[in-house]
Amino acid sequence: MSASESIAQGMNPAQREAVLYLDGPCLVLAGAGSGKTRVITQKIAYLLRECGYMGRNVVALTFTNKAAREMDERVKTLVDRKLSKGLIISTFHSLGVKMLREEARNAGLKPTFSILDADDAMSIIQELLATTDKGRLRHVQGIISLWKNALMEPDDAAREAITPGDVEAANIYRSYAATLAAYQAVDFDDLIRIPALLLSSNEEVRTRWQNRVRYLLVDEYQDTNVCQYRLVQLLTGSRAMFTAVGDDDQAIYAWRGATIENLAKLTTDYPSIKLIKLEQNYRSVQRILAAANQVIEKNPKLFEKKLWSDLGVGEPILVSAMDGEEQEAESIAMKVSASRFERQAQWKDFAILYRSNHQSRILEQALRNLKIPYTISGGQSFFDKAEVRDVLAYLRLLANDDDDPAFIRAATTPKRGIGQTTLQALGQYAASREISLLAAVAETGLESQLAPRQLDPLRTFAEFIRRMQWRAGRGAASGKDAAPAEPAGVILDDLVEAIQYERHLFELFEERPAQTRWQNVLELTGWLKRKAEEDNMTLFDLVQHVALVTMLERGEEDEPDAVKMSTLHASKGLEYPHVYLAGVEEGLLPHLGKDDEDGDPARAAENLATRIQEERRLMYVGITRAQRSLNLSWCKRRRRAREDLVREPSRFIEEMGLGDVRVQEDEATAAMNPKERMAMLKALLKK
DNA sequence: CAGCTATTCGTTTTT
DNA sequence: CGAATAGCTG
């Protein structure tokens, strides 16, 4: 057996071809469950083990940290440590940070630039827009993000803006960009945009990176936006040594700028590209796959492909019409419980999927009532929690004086006598002198602007920050005489202690919530300390690293035996033996927001069609998560805000073509009162 | 300035 | 129904 054969053993011909093809660019159209991760990991192994590629010359990009980590782990089992040294498997955003950190000077940033999260960005836009209209704010933030992802500068945006609203948004975009520059900060979109711009404008940088990235692999290619496509192009250059893996039927991120056209564009930009289709599904039973295929058939297709499976027919797919959302939740919880018992399965074999986050609350409650262990993925990230952001604000400020949003957050939490009016005066002064808030505090000119009782807390705060910066070795970083940098862990502990954050939490919240919040803080500092030691990172390295990491990346904690709850978006790439899809209703699963404001009916109709197609793909993703059994449910009535709404089953249920079993009234459970239900469940569990 | 109460308000999906 | 915000009092 030759070496290359040994790498690709146990793979089907298409998979093997995808792994071994190295004559040029390669596009792998990988249907759901067709083993695309396997192809990518095997290909990395092949490159490193058989083709003499050095670890540092291979880059694999994903969209989520979780996917990156998973891939990394799988590669580690295939390839010797020595060979994979320097190998980059990361998200687009992490690669962007890495590039930005190494090329900060070329990008006009200081090495300790800050990364703003969506909330910080939103407050900046709010200031610039001078409005409290939430809808308007979201719209403007969204459109700026889309512009950035389409590689449009403020000038381009202004030129293309038609409505007065868009013209205003373009102006905000301009000042927003200026504000970020003043803060020495970048937002999430910039993490990819700026490296792409840098590569295209600076030949020296471009050559350096092209020499470094000898082979590039991109996962979930259908979710790339214009900016990411550009980055891929610039990194691979004319050599074009890359493999893109994607599935147009699973494109569910158009709303954040992803364009499926990128898949088609690949075949026109690289006419010689090798097209390989992965059509055998190794995940789902035939009935499930058939339903998925029937649904997605209603969408216009970019590439013809037919998924098939030889895993047997499987059980019927069940659809339940429920009266209301609490019945639905209860019914799902009971079915999961009963099914686990009947099948002698584990909790972690079950997943409950839903369209939007707020559905999770009631489901959670139902699971708790039946003492069913669960974990939620998607939803609020660990790093979005207020207490975590509070502590991180201090770290950001330590690293970057110019990070005004961090200054404001740190200076006001915990409360230390610095309030709105003080900050406003300080802000005005800083703006007139064109310096950061932190720098402004030290100026003597400020004394005429503020009363001592306002000034004192500011000075105390700034001194505290300066002292911490010094201890963290800031002097050395900025080239001044060296301060002995203390370990990041020690500084971190001292800082949290010094601001009396624990006391702050217990004053602000009840005993129990305060405790969980404090636990979160301890978890954060613990994680940071570990990271600092393991990877020998300074406090400043940590701050930038942390900005991108989601809770899914922390710790190697092995998965507990628990039911998974997840949004459909967050479920992509995962698989479960038994899947429950909740809220499969018109208005929820095809979630169709309000109609477009601008009055062109033709465009509005087209828009609607596009949106339904994306919702359909979402449904497709949901169905194809299931390996063996699939349960759908919808509510005839759903309470929203004040009113009760009558709901219709989702059109996608019809489209699945389930025939007679299509709608099963769930009389058995719906007719019972809660007491009876509990009794029935207990009897079931006793058996 | 900070903490409390009254009122408004709203609802997709996330790196 | 529940959470974020505005407005008032100590």
Side-chain angles (χ1 to χ4, degrees), chain A residues 61-68 90-97 115-119 121-122 126 132-135 138 141-142 145 148-149 186-193 220 223-225 227-228 251-258 324-326 353-362 365 377-381 383-384 386 411-424 451 453-454 456-457 504 507-509 547-553 566-572 583 587-594 611 614-615 617-619 621-622 638-645:
Chain A
L61 296 178
T62 64
F63 276 84
T64 65
N65 290 298
K66 195 169 70 178
S90 78
T91 61
F92 272 93
H93 296 268
S94 303
L95 176 71
V97 174
I115 301 167
L116 299 185
D117 58 44
D119 276 5
M122 179 66 97
Q126 187 174 28
T132 52
D133 178 354
K134 208 123 188 262
R138 290 168 86 95
Q141 188 181 33
S145 175
K148 284 192 168 191
N149 288 330
V186 299
D187 63 20
F188 273 120
D189 301 320
D190 287 337
L191 293 178
I192 297 157
R193 194 185 64 103
E220 307 280 14
D223 288 332
T224 53
N225 57 40
C227 194
Q228 286 157 336
I252 54 176
Y253 286 106
W255 53 272
R256 72 175 197 210
E325 52 204 313
E326 51 282 284
L353 308 180
Y354 37 85
R355 172 68 235 259
S356 48
N357 273 310
H358 68 261
Q359 290 175 262
S360 69
R361 190 185 314 267
I362 188 127
Q365 223 160 55
S377 67
Q380 201 194 26
S381 145
F383 290 94
D384 283 339
T412 53
T413 37
K415 303 290 174 213
R416 49 163 66 81
I418 300 173
Q420 272 307 309
T421 44
T422 309
L423 280 176
Q424 221 152 19
R453 64 175 307 138
Q454 292 178 301
D456 282 347
H504 162 77
E507 278 169 6
L508 207 58
F509 301 102
L548 318 157
V549 175
T550 69
M551 70 188 293
L552 296 160
E553 210 201 22
S566 166
T567 61
L568 287 168
H569 282 91
S571 78
K572 194 163 69 152
L588 230 196
L589 189 27
H591 181 87
L592 305 167
K594 56 275 167 205
R611 263 157 40 201
E614 176 142 330
E615 296 292 311
R617 280 182 237 119
L618 210 42
M619 179 76 181
V621 167
R638 191 174 284 270
R639 257 202 319 279
R640 197 185 50 169
R642 278 178 180 71
E643 67 238 307
D644 249 3
L645 290 177

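Just so it is clear: chains get the letters A, B, ... in the order the sequence lines come, proteins before strands, and each one is counted from 1.
- The CD-C1' distance, from A:E614 to B:dT13, rounds to 8 Å in whole Å.
- Closest to the A:T64 side chain, of the nucleotides B:dT15, B:dT14, B:dT12, is B:dT15.
- One atom, CZ of A:R638, and another, P of C:dC1, lie 16 Å apart when rounded to the nearest Å.
- When the side-chain nitrogen and oxygen atoms of A:N357 are compared with OP1 and OP2 of B:dT12, none of them lie within a distance under 4.0 Å.
- Of the two residues contacting DNA chain B, namely A:T412 and A:E615, the nearest-nucleotide position lying further toward the 5' end is that of A:T412.
- When distances run from any side-chain atom of A:S356 to the nucleotides B:dT13, B:dT14, B:dT15, the shortest one goes to B:dT13.
- Between A:T422 and B:dC1, a side-chain N or O to OP1/OP2 separation shorter than 4.0 Å is present.
- In this structure, CG of A:D189 is placed 9 Å from C1' of B:dT15, rounded to the nearest angstrom.
- With distances taken from any side-chain atom of A:T421 to the nucleotides B:dA2, B:dC1, B:dT12, the minimum falls on B:dC1.
- Between A:L191 atom CG and B:dT15 atom P there is a gap of 13 Å when expressed in whole angstrom units.
- With both ends at atom C1', the span from B:dT12 to C:dT5 equals 23 Å, rounded to whole Å.
- A side-chain donor-acceptor contact under 3.5 Å links A:Q228 to the backbone of A:N225.
- With C:dG2, B:dA2, B:dT13 as the choices, the nucleotide that has an atom nearest any side-chain atom of A:R361 turns out to be C:dG2.
- For the pair A:N149 and A:D189, the tightest heavy-atom approach, listed with the atom from each and the gap, is OD1-OD1, 3.4 Å.
- Separating the CZ atom of A:R416 from the P atom of B:dA2 is a distance of 10 Å, rounded to the nearest angstrom.
- Judged by ring centres under 5.5 Å apart and planes tilted less than 30 degrees, A:F188 stacks against the six-membered base ring of B:dT15.
- Residue contacts shown for A:L568 are absent, as no nucleic acid heavy atom lies under 4.0 Å away.
- As rounded to whole Å, 16 Å separates atom P of B:dC9 from atom CZ of A:R138.
- Between A:E220 and A:F63, the shortest heavy-atom contact is O-CE1, 3.3 Å.
- A perpendicular orientation is assigned to the rings of A:H93 and A:F188, their planes being inclined by more than 60° (bins at 30° and 60°).
- Between A:E325 atom CD and B:dT11 atom C1' the separation is 12 Å, expressed in whole Å.
- With rounding to whole Å, A:H569 atom NE2 is found 13 Å from B:dT15 atom C1'.
- Across C:dG2, B:dT13, B:dA2, the shortest atom-to-atom separation from the side chain of A:W255 is found for B:dT13.
- Within the model, atoms CG of A:L618 and NZ of A:K572 stand 9.5 Å from one another, a figure rounded to the nearest 0.5 Å.
- Scanning both residues, A:L568 and A:S571, for their nearest heavy atoms gives O-OG, 2.8 Å.
- Neither OP1 nor OP2 of B:dT15 sits under 4.0 Å from any side-chain N or O of A:S94.
- Residue A:R355 places a side-chain atom within donor-acceptor reach of the base of B:dT13, judged by atom type and a 3.5 Å distance cut-off alone.
- With B:dT15, B:dT13, B:dG3 as the candidates, the nucleotide lying closest to the side chain of A:T91 is B:dT15.
- Centre separation under 5.5 Å together with a plane angle under 30° does not hold for the ring of A:Y253 and the six-membered base ring of B:dT13, so they are not marked as stacked.
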